[in-house]
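Right, one structure below, let's go through it.
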Amino acid sequence: MKSIVITLPSLSSGDAIGNDVINEYNLLKDNGFEVFIFAEHYEPQFAQYLCDFEYAKKSDVLIYHHGILWEKGETLLKDHRGEIRIMRYHNITPPDFFKAYDDKLTNLVDKGRKQTLRLIKYFSHFFSDSFYNAQELLDYKVSKELIEVIAPFNHVDELLSTQADILTLDRLIRQRKSIVLFVGRQVPNKGLIHFVQVAKKYIDLFGKKAYFIWIGSKDPHLGKYYEIIDQYINANSISDVVLFPGKVSISELKSYYISSNVFLILSEHEGFCVPILEAQSLGIPIVALNRAAVGETLGKNQLLFDEIDYEKFAAAIEVLLNNNEYCTALSKYGKENYNTRFKNSLIKEKFLNSITGVLKI
């Protein structure tokens with residue numbers, strides 16, 4: 001049996017790429033493969049999965065997760081002695097989203113995207129998260145025959161089976177207002193500035209009838225960006241309805257999801273967007289901006305807007321808050337999208353078939 005090493009720069013809990021890596025590891029291990037993970041940085045609980053650089057260099061197969069600049073990863077690719085190297089392509093956010101806020105972060109993602117072009121020559125195969133990401137690889141002159149689209153593993157199964165945090169749930173219910181939710185890091189490409197402006201437009205048109213809640217952590221490099229957001233919120237007196245709980249536990253996250261009435265996606269760049277699956281699996285109607293991979297992941301018969309028009313988004317939210325029949329239809333199609341395309345059992349089958357095909361087993 002060929003030895004397989006899955007590689008990424010940093011392995012941490014609650015991270016979408018890390019979750020994908022751990023699920024790949026468990027799937028391959030359960031199917032009899034000799035498999036390890038190589039990560040330059042990692043949380044202590046993952047030490048049992050890891051190998052060192054020398055072992056990774058000598059492995060038969062590398063599965064390289066690419067979503068950020070990683071200099072040691074490039075060194076590993078140059079030194080790797082095996083014949084099979086698979087790029088698991090998660091995309092890297094374009095630097096234009098960060099130029100106005102932080103030079104260091106802008107430089108990091110710019111170098112990461114340039115590194116993609118250098119790395120391509122080392123790989124024999126490419127597993128892309130989405131057709132959107134696959135198209136980017138095609139634009140980089142990767143042969144179509146070498147690319148397979150395999151959605152990333154998700155933690156929806158864990159989310160569905162987790163007991164909601166009772167204290168959080170009770171607090172949200174007692175507030176007696178509708179909730180418009182988004183889940184993701186507070187970064188420019190995910191449309192945080194649009195989120196607060198839609199909230200302002202909604203309040204102007206319909207009053208303070210709903211909370212706009214964004215779950216997710218901040219980036220320490222984006223202080224200037226957050227100052228702009230805070231200034232807008234304070235200038236428009238909406239700090240009582242636009243809320244940022246930060247990063248939460250999975251039980252708290254479950255409470256926010258099941259208390260929500262609408263899931264609002266204003267991202268301008270997503271290589272996949274895993275929170276779509278979380279919201280759809282729990283039956284929450286979604287209204288979204290149709291950019292990058294969002295429409296592809298969202299699926300058929302969903303509420304999508306091609307342009308950023310705050311009034312239209314606000315009006316759509318109001319329609320959803322007052323039209324149970326429409327919400328039920330969106331919820332039904334959303335669940336169908338998750339169940340027929342993105343359940344982990346389906347991703348496992350596709351990933352395993354693809355690996356065995358690459359290895360010619």
Side-chain angles (χ1 to χ4, degrees), residues 6-12 14-21 23-24 62-71 73-74 77 85-99 105-123 125-144 146-154 182-192 216 219 221-222 265-278 288-299 341-342 347 350-351 354:
I6 307 169
T7 72
L8 76 167
S10 181
L11 183 57
S12 59
D15 174 70
I17 295 178
N19 181 69
D20 196 34
V21 165
N23 275 276
E24 289 173 5
L62 278 183
I63 302 175
Y64 184 104
H65 285 251
H66 184 52
I68 196 169
L69 174 70
W70 187 25
E71 293 177 355
E74 189 165 354
L77 288 170
R85 289 179 289 275
I86 303 166
M87 178 187 277
R88 185 76 162 116
Y89 187 51
H90 300 285
N91 211 304
I92 297 176
T93 307
D96 287 350
F97 286 104
F98 305 106
K99 277 183 178 178
L105 195 53
T106 302
N107 189 48
L108 179 68
V109 295
D110 184 50
K111 285 184 175 180
R113 290 181 72 83
K114 288 175 179 175
Q115 186 184 45
T116 306
L117 291 168
R118 294 198 306 273
L119 297 186
I120 282 171
K121 64 185 178 183
Y122 294 107
F123 293 98
H125 302 81
F126 298 80
F127 290 176
S128 171
D129 283 352
S130 60
F131 286 100
Y132 174 82
N133 287 355
Q135 182 58 55
E136 195 164 277
L137 291 173
L138 291 171
D139 292 342
Y140 291 152
K141 309 304 180 185
V142 175
S143 173
K144 183 179 180 180
L146 301 180
I147 304 171
E148 289 206 52
V149 175
I150 308 172
F153 288 97
N154 55 75
F182 181 70
V183 176
R185 291 180 301 115
Q186 295 181 43
V187 289
N189 59 290
K190 292 186 182 291
L192 176 56
D219 189 303
H221 298 99
L222 291 172
I265 302 172
L266 296 162
S267 292
E268 295 185 80
H269 184 269
E270 296 276 1
F272 184 81
C273 196
V274 170
I276 288 174
L277 312 186
E278 298 171 357
L289 177 64
N290 189 18
R291 296 284 172 85
V294 170
E296 175 190 337
T297 303
L298 200 61
R341 298 176 65 204
F342 297 123
I347 298 171
K350 179 71 181 290
F351 187 87
S354 297

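- Between the NZ atom of Lys121 and the CG atom of Leu77 there is a distance of 10.5 Å, given to the nearest 0.5 Å.
- At most 12 non-hydrogen atoms from other residues, nucleotides or ligands lie less than 6.0 angstrom from CZ of Phe131.
- Contact between Arg113 and Thr93 at its shortest, heavy atoms only, is CD-O, 3.8 Å.
- Of the inter-residue distances, the one linking Ile17 atom CD1 with Ser12 atom OG reads 9.5 Å to the nearest 0.5 angstrom.
- Listed here is the closest heavy atom pair of Ile347 and Ala151: CG2-O, 3.2 Å.
- The two residues Ile92 and His66 make their nearest non-hydrogen contact at CD1-NE2, 3.6 Å.
- For the pair Glu24 and Phe351, the minimum side-chain heavy-atom distance is below 4.5 Å.
- Between Leu62 and the choices Ile6, Thr7, Ile86, the side-chain contact (heavy atoms from CB on, under 4.5 Å) rule is met once, by Thr7.
- Within the model, atoms CD1 of Ile68 and CG of Leu8 stand 10.5 Å from one another, a figure rounded to the nearest 0.5 Å.
- Crowding of Gln135 atom CD: a count of heavy atoms from other residues, nucleotides or ligands under 6.0 Å exceeding 12.
- Closest approach of Arg88 to Ile150, counting heavy atoms only: NH1-O, 2.7 Å.
- Ring geometry for His269 against Phe97 counts as tilted: the plane angle lies between 30° and 60°, on a 0 to 90° scale.
- By the 4.0 Å N-to-carboxylate-O rule, Glu296 lies too far from Arg341 to be salt-bridged with it.
- Aromatic pair Phe123/Tyr89: centroids not less than 6.0 angstrom apart.
- Note: Phe342 CZ to Asn154 CG = 9.5 Å, rounded to the nearest 0.5 Å.
- Of all non-hydrogen atoms in Phe272 and Leu277, the two that sit nearest each other are CE2-CD1, 3.7 Å.
- Glu148 has its side chain out of reach of His125: every pair of non-hydrogen atoms, C-beta onward, lies at least 4.5 Å apart.
- Taking every heavy atom of both residues into account, Ser143 and Leu138 meet most closely at C-CD2, 4.4 Å.
- The backbone N or O of Gly216 sits less than 3.5 Å from a side-chain atom of Gln186, completing a donor-acceptor pair.
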